[in-house]
Structures are given as structure tokens and as C-alpha cells.
Peer 1: 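The structure under discussion is supplied below as C-alpha cells; questions concerning it will follow.
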Amino acid sequence: MVKVGVLGATGMVGQRFIQLLSNHPDFELTTLAASSRSAGKRYEDATTWYLNDAMPEEVKDIVVCDTTPEAMSNDVDIVFSSLPTEFAAKVEKEFAKDYVVASNASAMRMKKNIPLVIPEVNPEYLDMIDAQQKENNWDGFIVTNPNCSTIALTLSLKPIADNFDIKSIRVSTMQAISGAGYNGVPSMAIVDNLVPYIGSEEEKMESETLHLLGNYDGEKVTDANFKLSASCHRVPVIDGHTEAVFIELEDDFELEDIKNKMANFKALPQELNLFSAPENPVIIKDEDYRPQPRMDRNAGNGMSVSVGRLRKDQAFDKSFKYVLVGHNTIRGAAGASVLNAELINDKIL
Ligand code: NAP
């Protein structure tokens, strides 16, 4: 078994890590770290548990430790990071001297030689790890996953980008409140309301998507060469981001071709039969009223993206549009890191 720890273990994403790692066939959860507010307490006492499934018995008595490499009392091989960005920027580099760090935080995502990876989309970016270790003189390394709304969008785009020339994409999001963390959005701001701004989210979607769908030549990434514009909004949904996507292609197309490419999309995690890999990364819904966050966020154990309302755009040539739903704390956060770690465990460790 590979021994794993979670940094930010008491938070929204940290709890998802614990849920996904409990009873994992290859990973044994040994270490939980959080801030000095929680360190020294039993996990059960330090945490306001928000998930519907009960807290796994085996973590209740684990004493939360400080978020420093020295505090990792157990032998740990991989640390999953769900730390606030500013803190992650400092601390993940310290951990990478000795450990594999699979991070959700945005701090290191777009840095040179730090792979930003979705296993179904760009597993080859893991080849950056050698250069990263040499450059920093680290025994460990950092691998990151994208922002939650970017992951869902990019998974849906991969079968399109592989088979058609994309000219431009516009996307409008309706994002769940869990995406901002437990204390993120005050109830007075979101009940009976919508907030039309999520700090830095649009910039992350626009840059990370082009990076993920780009080309790595062994030295650097060249971004995908279409234009992407995002507008991001917070809505009163607990879990599950919804996105309305508008795509213009360079050439004419048959809608049925697009639908088939998305529905039949499989990639390396499915070939390798990785534990967290969904059978279908993209699930097509034919009913007019799907996908909806409450009904579709748990598709593929929260690891699939549901796509519906796929239709030709009558207003613009060579264009189509659709709506997607993805689980923001599973496929968009903890599940994404766990799948990255499963791929690393299969290919590198
Ligand atoms: P959260 O619910 O606010 O949890 C934050 C966690 O970090 C808690 O465990 C907290 O510990 C710990 N922490 C805070 N300050 C710390 C410090 N100075 N030193 C050590 N630990 C500290 O946040 P979240 O939603 O889980 O998000 C965590 C990270 O994941 C963020 O970088 C976020 O951008 C990213 N992310 C989140 C989502 C999502 O859907 N929520 C999706 C993708 C990426 P205490 O309990 O002890 O304070």
C-alpha cells in the first residue's frame, strides 16, 4: 500500500479526500494535517463534517498535525494538498523536497515544469517531472489539477478538440457554493440570490483550459490556438457546477458526430482501469431538462461530466451549444487529485 496524507484535511475538499481515500485499494490514509487551530486535536473534534456520508471510523481518532514536512510522523509517500492558495504557495515546495505532492491549489498550476494534469486529457505532461526534480534538486515533486470549473469544461472539450478544429468557445458558469469552501460564501449573500463574480475564476478557466488542451514538446507547453471567454457566477446550489458552453468550429459538422465522439470518449485512465476512473468521462443526456446538479452531479461516482441540451446554434454558422454538470469537489477537486495520484502510482512510483 502507498501511504498518503491530506493537507487541509478539515476543509471542504479535505473531507472529500478522506471520503475517497477511505477503503482505497492502493492508498492507505495515515496522516491528516490542518492549521494550528486544529493541530493536536482528534480529527473528529477538529472538524465540522459536512458530507452526507458519515465520517469514516478510521479517521476519527487520528490526531491532526501541523502542516510542515517535519510533522508528518508516519511514513508518507504522497501528500494531497487542499490548502488555501497563499499558504500552498509556500508550503508545497517544502513538501516536494521529500514527498509527491498532488495539489488542488492554484498556486503552482501554471509554473514551468509543474504538470497541470487531467489524466484523460494530457497525461503526457507528467514527463515534466524529471526536469522539475533536477531544477529544484527535489526527491519528490508537485503535480496539480485544474480549477473545478475548468476540469468539467475541459473533459467535455477533449473529444471535440481531438476531432474538430475549434475556432472559439464562450462559457457561462453557474457554480455551487461548496466551491468557495466551508466559510466561503455567507448565507445572506447567496440565499434567494446569485453572485455574478468569482474572483480570478474567469482568468483561471481561460488560461488553464488552453494550457491543458495545448501541446507539450518535452520542454514547454504551447497553448491550444482557439479563443476562450468565460463568465463565472455563484448560484445557491450546494454541490455541482453547471456550465452553458457555446462553440464555434472552423468547418461544418454533423451534430451526431459531436455527440458520438463525446459519448464514446475513453482515455488512458479507462485503459489502465484506474480505481477512480469513471467508465465514461462524458455522459450524454437526451432529456431536455437534463443535466441538473441535484440529479447528475454524482454520475460516475462524481467523476463523470454530464452533457445535455446539445444542439446546433441557429444564430451562428458552424456553431453548437450544450450544458454540462460536473461535481466540483469530486471531479473538480479531491477526485481529480486522487486520479492523478493513481496514474502516478501506475506509471512512476
Ligand atoms: P476550506 O474548506 O476553507 O478548507 C481549508 C483547509 O485548509 C482547512 O483544513 C484549514 O484548516 C486549512 N488551513 C487554512 N489555513 C491554514 C494554514 N495557515 N495552515 C495550514 N492549514 C490551513 O477550503 P476548500 O474549499 O477545501 O479549498 C481548499 C483548496 O482547494 C483551495 O486552494 C481551493 O481554491 C482549492 N479548490 C477548492 C475547490 C472546491 O470545490 N471547494 C475546487 C478546486 C480547488 P483549519 O480547519 O484548521 O482552519
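We count ligands from 1, going down the list as the structure has it; atoms in each ligand are counted the same way. Small disclaimer: the values here were computed from a predicted structure and weren't measured.
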Peer 1: Looking at atom 43 (C) of ligand 1, would you say a protein heavy atom lies below 4.0 Å from it?
Peer 2: yes
Peer 1: Name the one of Ile78, Leu343, Ile129 that satisfies side chain to side chain contact (heavy atoms under 4.5 Å, CB included) with Val143?
Peer 2: Ile129
Peer 1: Could you tell me the residue and atom name of the protein heavy atom closest to atom 8 (C) of ligand 1, and the distance to it rounded to 0.1 Å?
Peer 2: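 Among all protein heavy atoms, the one nearest atom 8 (C) of ligand 1 is Thr10 OG1, 3.3 Å.
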Peer 1: Are any non-hydrogen side-chain atoms of Asn136 and Phe141 less than 4.5 angstrom apart?
Peer 2: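 No, their side chains stay 4.5 Å or more apart.
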Peer 1: With respect to Tyr182, determine whether any N or O atom, backbone or side chain, lies less than 3.5 Å from an N or O atom of ligand 1.
Peer 2: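 It does: an N or O of Tyr182 is found under 3.5 Å from an N or O of ligand 1.
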Peer 1: With hydrophobic residues grouped by side-chain heavy-atom distances under 4.5 Å, do Phe253 and Leu157 end up in a single group?
Peer 2: yes
Peer 1: Would you say Ala88 contacts ligand 1, with heavy atoms under 4.0 Å as the rule?
Peer 2: no
Peer 1: Side chain or backbone, does Asn104 bring an N or O within less than 3.5 Å of an N or O on ligand 1?
Peer 2: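 N/O-N/O distance under 3.5 Å: no.
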Peer 1: Distance under 4.0 Å to a non-hydrogen atom of Ala333: what atoms of ligand 1 satisfy this?
Peer 2: 42 (C), 43 (C)
Peer 1: Just by distance, with hydrogens left out, do Glu243 and Thr173 show a side-chain donor and acceptor under 3.5 Å apart?
Peer 2: no
Peer 1: Is the CG atom of Asp162 crowded by more than 12 outside heavy atoms at less than 6.0 Å?
Peer 2: yes
Peer 1: Do Asn345 side-chain atoms and Ala341 backbone N/O form a donor-acceptor pair below 3.5 Å?
Peer 2: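 Absent.
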Peer 1: Thr10 and side chain to side chain contact (heavy atoms under 4.5 Å, CB included): which single residue from Ser82, Ser35, Ser38 fits?
Peer 2: Ser38
Peer 1: Could you verify whether a donor N or O on one side chain and an acceptor N or O on the other, from Ser319 and Glu248, lie under 3.5 Å apart?
Peer 2: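 No, because no side-chain N or O of Ser319 sits under 3.5 Å from a partner of the opposite role on Glu248.
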Peer 1: Students should be able to answer this: which protein heavy-atom is nearest to atom 12 (C) of ligand 1, and at what distance?
Peer 2: Gly8 CA, 4.0 Å
Peer 1: Against heavy atoms of Ser38, which atoms of ligand 1 measure under 4.0 Å?
Peer 2: 45 (P), 46 (O), 47 (O)
Peer 1: Tell me whether Ala105 has any N or O atom under 3.5 angstrom from an N or O of ligand 1.
Peer 2: no
Peer 1: Counting from 1, what ligand 1 atoms have a heavy atom of Thr67 closer than 4.0 Å?
Peer 2: 20 (C), 21 (N)
Peer 1: Can you get from Ile166 to Ile118 by hopping between Ile, Leu, Val, Met, Phe, Trp and Tyr side chains that sit under 4.5 Å apart?
Peer 2: yes
Peer 1: With heavy-atom distances below 4.0 Å as the criterion, list the atoms of ligand 1 near Thr85.
Peer 2: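 Selected atoms, number and element: 32 (O).
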Peer 1: Judging by distance only, is a nitrogen or oxygen of Asn147 under 3.5 angstrom from one on ligand 1?
Peer 2: no
Peer 1: Looking at Ser178, which atoms of ligand 1 are within less than 4.0 Å of one of its heavy atoms?
Peer 2: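 Those atoms are 39 (C), 40 (O), 41 (N).
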Peer 1: Within less than 4.0 angstrom of ligand 1, does Thr329 place any heavy atom?
Peer 2: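 Within the 4.0 Å threshold, so yes.
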Peer 1: With a heavy-atom distance limit of 4.0 Å, tell me whether Ala33 approaches ligand 1 through its side chain, its backbone, both, or neither.
Peer 2: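 Neither; no heavy atom under 4.0 Å.
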Peer 1: Is any side-chain N of the basic residue among Glu208 and Arg109 closer than 4.0 Å to the acidic one's carboxylate O?
Peer 2: yes
Peer 1: When only distance counts, is Cys148 in polar contact with ligand 1, meaning an N/O pair under 3.5 Å?
Peer 2: no
Peer 1: Is there side-chain contact between Phe80 and Leu21, with at least one heavy-atom pair below 4.5 Å?
Peer 2: yes
Peer 1: Just going by heavy-atom distances, which of Ala180, Gly179, Pro146 is nearest to atom 39 (C) of ligand 1?
Peer 2: Gly179
Peer 1: Short N/O distance, under 3.5 Å, between Met12 and ligand 1?
Peer 2: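 Looking only at distances, the answer is yes, because the N/O contact criterion of under 3.5 Å is met.
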Peer 1: Which atoms of ligand 1 have any heavy atom of Ala9 under 4.0 Å away?
Peer 2: 9 (O)
Peer 1: Consider every N or O of Leu83 and every N or O of ligand 1, then say whether any pair is closer than 3.5 Å.
Peer 2: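 Checking ligand 1 against Leu83, an N or O pair does fall under 3.5 Å apart.
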Peer 1: Distance only, no hydrogens: is a donor on one side chain within 3.5 Å (strictly under) of an acceptor on the other, for Thr329 and Arg16?
Peer 2: yes
Peer 1: Is Asn122 reaching over with its side chain to a backbone N or O of Leu116, donor-acceptor style, under 3.5 angstrom?
Peer 2: yes
Peer 1: Which option wins on minimum heavy-atom distance to atom 14 (C) of ligand 1: Ala46, Pro84, Ser81?
Peer 2: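 It is Pro84 that holds the nearest heavy atom.
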